[in-house]
Amino acid sequence: MSQLVADYILERLREWGIHRIYGYPGDGINALLGALDRAEGDPEMIQVRHEEMAAFMACGHAKFTGEVGVCMATSGPGAIHLLNGLYDAKLDHQPVVAIVGQQARPALGGDYQQEVDLVTLFKDVAHEYVHMATHPAQIRHLVDRAVRIALAQRTVTCLIVPNDLAAVEAVEQPPHEHGTVHSSVGYTAPKIVPADSEIRRAADILNEGERVAMLVGQGALGASDEVIEAADRMGAGVAKALLGRAVVPDDLPFVTGSIGLLGTRPSYELMTGCDTLLMVGSSFPYSEFLPEEGKARGVQIDIDARMIGIRYPMDVNLVGDAKETLLALLPLLQEKDDRSWRERIEESVGDWWQLMDRRAHEDADPINPQLVFWELSPRLPDNCIITSDSGSAANWFARDLRLRKGMMASLSGTLATMGPGVPYAIAAKFAHPERPVIALVGDGAMQMNGLNELITVAKYWQRWSNPQLVVLVLNNRDLNQVTWEQRALQGDPMYPATQQIPDFPYARFAELIGLHGVRVEDPDRIGQGWDEALAADRPTVLEAVVDPEVPPLPPHISLDQAKHFAQAALAGDPHRTRMIRQSLRQMVDALLPNR
Ligand SMILES: Cc1ncc(C[n+]2csc(CCOP(=O)(O)OP(=O)(O)O)c2C)c(N)n1
Ligand SMILES: [Mg+2]
């Protein structure tokens, strides 16, 4: 007998260069599980603890490799569990294919057990391509199209396979007759460059500008050298959106760091002081951190025309690949003689790093979380991959860490969901087992899912040629980011019933499951803690007991925020004395002379 549909799906994925699937079993995909067994590890299925994690890992794989990530789940509940991870991928424009089971075709429409209308369920998250197979002759083109569309449109696609269909004989080549589809494997990204006339217009605007600001996002990840050269030529500063954190290293004096609520003051000043904005591969959404309309002329480069001209009214919109477009633009950019703008930026960046230093070294009870990140920067191993969860860690990841050339970094940029820190790190280890990986995660996110995924780490880590995987847990017994958002944005006091979370022995838990654990409660031992974690012979949880009253201050505090903040304090925040003391310290630091 020839192979089953399930075997053929795997064969076709292999032909597409897909060798790893993140997933979780169930009888809706029984035939696929049997086929995975027969496939003898190619593709292999990495077994997670929860389907949402499989989707996060598929997204992480895409983020750290540029390849398509694949996840698999059973019908009904398994499929539903995938959703949040798939939305994370969709919103961050990552190519991910979800393969999900379905009840047998004869049962569909019968209110059958675990019967969920999966096409409708996935219609939003995978709207570019979601199909349920009903005939074996469809499989070839359904797989081909799901993978190609995910790659070409950098989005999520979904293939639904009823379990009885997966177990029938495959039709590898549909008959040559009316009503059949004949597809093939393969995708190479096209070279997309705007018309010469548009490049010229863009160059004119950039050449006329006296104070040029660049904002780069994940679309510029492959164009680091070109971004640096353009910035040098134009005497510009470079601000980074969160997903573009690794586009340019932080040791360059004109790199102002992150932008936005989690961003830096130099980035804020860059945007408010510039007369010309060049935005590359970013859909950074917060307009209050961009120049005021009409204050600056704008040029945007983005490969996706849907994302062009929607954040700031641009004068020239260049639809093109970041690297190719910058390469076309560079010969037309004049070297700016007047370097005063650039000097101003560099001074502000220098002052900022001193401020970060001071803020990190303010006393706290027991540990100032900024110090944990400050101490990590010089210890970041070459070529490491960093993941961050949503929460206060994202602030310190955005502001305090000094990334160097060759590192990669990501988080849930657009959905800003809790939970991807550990699963992204696992995907990074599978994709690049030789590279050190560091996940920066809050205790809330650990309790939500990170602890369970440590079990996945314990299951697989011995396969990785380099065991260096450190999960930093910020143990603050609080959902701290939201606590501060409530105080600063809403003017409400911290409400213990919603905000405080139970303490948990993270490091001890790691040891219990065969990993290494380090718990640090003393600020003087943080450096040592990092050294021990990074030198361990196995993945390590570094648990830092940190102070929830250290405010993740936005780069500038608006009047409204200050008002809300005061209101929260007056309204009886249970921690108001310490909160006010810590906040004042951090704010006063910003006012001190820098040298
Ligand atoms: C799935 C999900 N639920 C809720 C939120 C809202 N949220 C954002 S950050 C945060 C707190 C995270 O707490 P923790 O992981 O402990 O990090 P901390 O801010 O305390 O360092 C919450 C609840 C979210 N972004 N995603
Ligand atoms: Mg917390």
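First listed ligand is number 1; within each ligand, the first listed atom is number 1. As a basis for the values below, the full set of heavy atoms in this structure was taken, side chains included, without hydrogen atoms, waters or symmetry mates.
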Which atom of D478 approaches the Mg ion (ligand 2) most closely (N/O/S)
O
Side chain to side chain contact (heavy atoms under 4.5 Å, CB included), that's the test. Do F284 and L290 meet it? Break it down for me.
CA-CA 9 Å; F284 173 72; L290 294 175; 4.1 Å; yes
Using a strict 4.0 Å cut-off to heavy atoms of D478, name the atoms of ligand 1 that fall inside it.
16 (O), 20 (O)
Can you sort out which atoms of ligand 1 are near N480, meaning under 4.0 Å from one of its heavy atoms?
18 (P), 19 (O), 20 (O)
If we set the cut-off at 4.0 Å for heavy atoms, which region of N476 has an atom near ligand 1: side chain, backbone, both, or neither?
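Under 4.0 Å from ligand 1, N476 contributes side-chain atoms alone.
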Examine the proximity of ligand 1 to N84 and report which part, side chain or backbone, both or neither, has a heavy atom under 4.0 Å away.
neither
So, does A416 sit close enough to ligand 1 that a heavy atom of it is under 4.0 Å from the ligand?
yes
So, 4.0 Å and heavy atoms of T417: is ligand 1 close enough to count as a contact?
yes
Given the options R576, R581, R487, E549 meets salt bridge (charged side-chain N to carboxylate O under 4.0 Å, His left out) only with R487
Nearest neighbour in protein (non-hydrogen) for [atom]:
atom                    : result
atom 26 (N) of ligand 1 : M418 N, 3.0 Å
atom 14 (P) of ligand 1 : G444 N, 3.5 Å
atom 6 (C) of ligand 1  : V482 CG2, 4.0 Å

Is [Y] paired with [X] through a side-chain N to carboxylate O contact shorter than 4.0 Å?
X    : Y    : answer
R265 : D351 : no
R379 : E532 : no
D250 : R245 : yes

Scan side-chain atoms only and decide if T155 and E128 contain a donor-acceptor pair under the 3.5 Å cut-off.
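A donor-acceptor contact under 3.5 Å links the two side chains.
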Does an N or O anywhere in A445 fall below 3.5 Å from an N or O of ligand 1?
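Yes, there is a polar N/O contact under 3.5 Å.
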Give yes or no for whether the N/O distance cutoff of 3.5 Å, strictly under, is met between L474 and ligand 1.
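For ligand 1, there is no N or O atom that lies under 3.5 Å from one belonging to L474.
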Ranking S392, G450, G442 by closest non-hydrogen atom to atom 21 (O) of ligand 1, top hit is S392
Angle, OD1 of N476 through the Mg ion (ligand 2) to OD1 of D443 - 10° precision:
90°
Is the distance between the ring centroids of Y22 and F56 under 6.0 Å?
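Judged by ring-centre distance (under 6.0 Å), F56 and Y22 do not meet the cut-off.
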Assess the residue pair D389 and Y424 against the criterion (side chain to side chain donor-acceptor pair (under 3.5 Å)); give the C-alpha distance rounded to whole Å, side-chain angles, the decisive distance to 0.1 Å, and a yes or no.
CA-CA 9 Å; D389 219 279; Y424 276 10; over 6 Å; no
Of T387, L401, L380, which is the lone residue that meets side chain to side chain contact (heavy atoms under 4.5 Å, CB included) with I438?
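Among T387, L401, L380, the one meeting side chain to side chain contact (heavy atoms under 4.5 Å, CB included) with I438 is L380.
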